[in-house]
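Input: a single structure, listed below in structure tokens.
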Amino acid sequence: MRNLPRLDLNVLPVYNMGYNGSGIRISVLDDGIEHNHTDLRSNYDPEISWDCNDNDPNPQPRYENLSKNSHGTRCAGEIAMTANNHKCGVGVAWGARIGGVRMLDGRITDRVEGEAIGFAWDKVDIYSASWGPNDDGKTVEGPGRLANHAFERGVTKGRGGKGTIYVWANGNGGGNKDNCNCDGYSSSIYTISIGSASQHGLFPWYGEICSSTLATAYSSGAYKDQKIATTDTGDSCTLSHTGTSAAAPLAAGIIALALQANPNLTWRDVQHLIVWTSDYAPLSNNPGWQINGVGLRFDIRFGFGLMNAAALVTTALNWTTVPEKFTCQIETVVYVCNPGRCLLLYI
Ligand SMILES: [Ca+2]
Ligand SMILES: [Ca+2]
Ligand SMILES: [Ca+2]
């Protein structure tokens, strides 16, 4: 393990401060959740769970074979595995309530997305989503009318008006030169777009670049690098959860710790806090970091750096709420010039 950067998201100091996500409700929008899993069942929250694919209240995954449709169960475990029960591991927010919406195991329409993104919006604090448009390097797609409506309702009315938090994986299409700027879910202002870093603090082969990447969490990297340990279907455990799919739920768990510490945080506060407290240092071996206008380091692969739970929670405890979102519109000015004379057009 020599020469490795700091290999954690700095959550242990937060547990010592007494926070474990208790009281926070998180919903994983995915291919289902094995809610009777030994390491999930005590934190499972049926009120915020639903099956959009079969239109019933039970989001249990479909068992065609055990490894298929395990994605949602794996993501849920990272967030809220039970502590000290000799099973699998410990979720980042092991005291939080975890639910799931089964929505990826069928035809994915705007109706399904809108239903999932808005399911139990008056109860859910954080949604975690690790999906998006095809990662083929040639798809430009974003939320449709119903999905957008659900996002907007979440940030304006969710959490008693403070705004629901949407955590989004920024994609695994790096091998196809896919770019998350073309993914309207991860680049939405309403979502917190999370990239990944390998155990060596390097940008993984599957990672996507885009300006909307807000921060980074650890995940798989090159062939021999470690992957993420979590719950798996069939009441089992895995050591091989991979991709940005595995990074975003870690971020969702960290945010749950901050929401418990300071329940007054708005959806915009959470974004600002991540910007100010994420770490450049563990990822500094990657070339390409820039310094932005307020002096923070930023990179289109890692956003503002590796998430730091202790820094996030400590800063959240003494935080002044940022102003509400406002929209600026500027007029585009075009000069049309002929020899000797220019016309000014406002568009
Ligand atoms: Ca079902
Ligand atoms: Ca456990
Ligand atoms: Ca993508």
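First listed ligand is number 1; within each ligand, the first listed atom is number 1.
Side-chain atoms of Thr191 and Ser193 include no donor-acceptor pair closer than 3.5 Å. For Tyr44 and Ser49, the side-chain atoms include at least one donor-acceptor pair closer than 3.5 Å.
In this structure, His35 and Asn58 have side chains that are in contact, with non-hydrogen atoms separated by less than 4.5 Å. The side-chain heavy atoms of Met17 and Thr314, taken from C-beta on, include a pair separated by under 4.5 Å. Between Gln60 and Glu34, the closest side-chain pair of non-hydrogen atoms falls below 4.5 Å. Thr82 places none of its side-chain heavy atoms less than 4.5 Å from the side chain of Lys87.
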Run the side-chain hydrogen bond (donor to acceptor under 3.5 Å, both in side chains) check on Asp30 and His71 step by step: do they pass? CA-CA 7 Å; Asp30 212 292; His71 194 259; 2.7 Å; yes
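Around the Ca ion (ligand 2), the protein atoms of type N, O or S found under 3.0 Å away are Asp39 OD1, Asp39 OD2, Thr82 O, Asn85 OD1, Lys87 O, Gly89 O, listed by chain and number.
At a cut-off of 3.0 Å, Asp56 coordinates the Ca ion (ligand 1) through an N, O or S atom.
For Asp178, the N, O or S atom with the smallest separation from the Ca ion (ligand 3) is OD2.
Angle O(Asn58) to the Ca ion (ligand 1) to OD2(Asp51): 90° [nearest 10 degrees]. Rounded to the nearest 10 degrees, the angle OD1 (Asp135) to the Ca ion (ligand 3) to OE1 (Glu208) equals 130°.
When the shell of 6.0 Å around CH2 of Trp94 is examined, it contains 12 or fewer heavy atoms from other residues, nucleotides or ligands.
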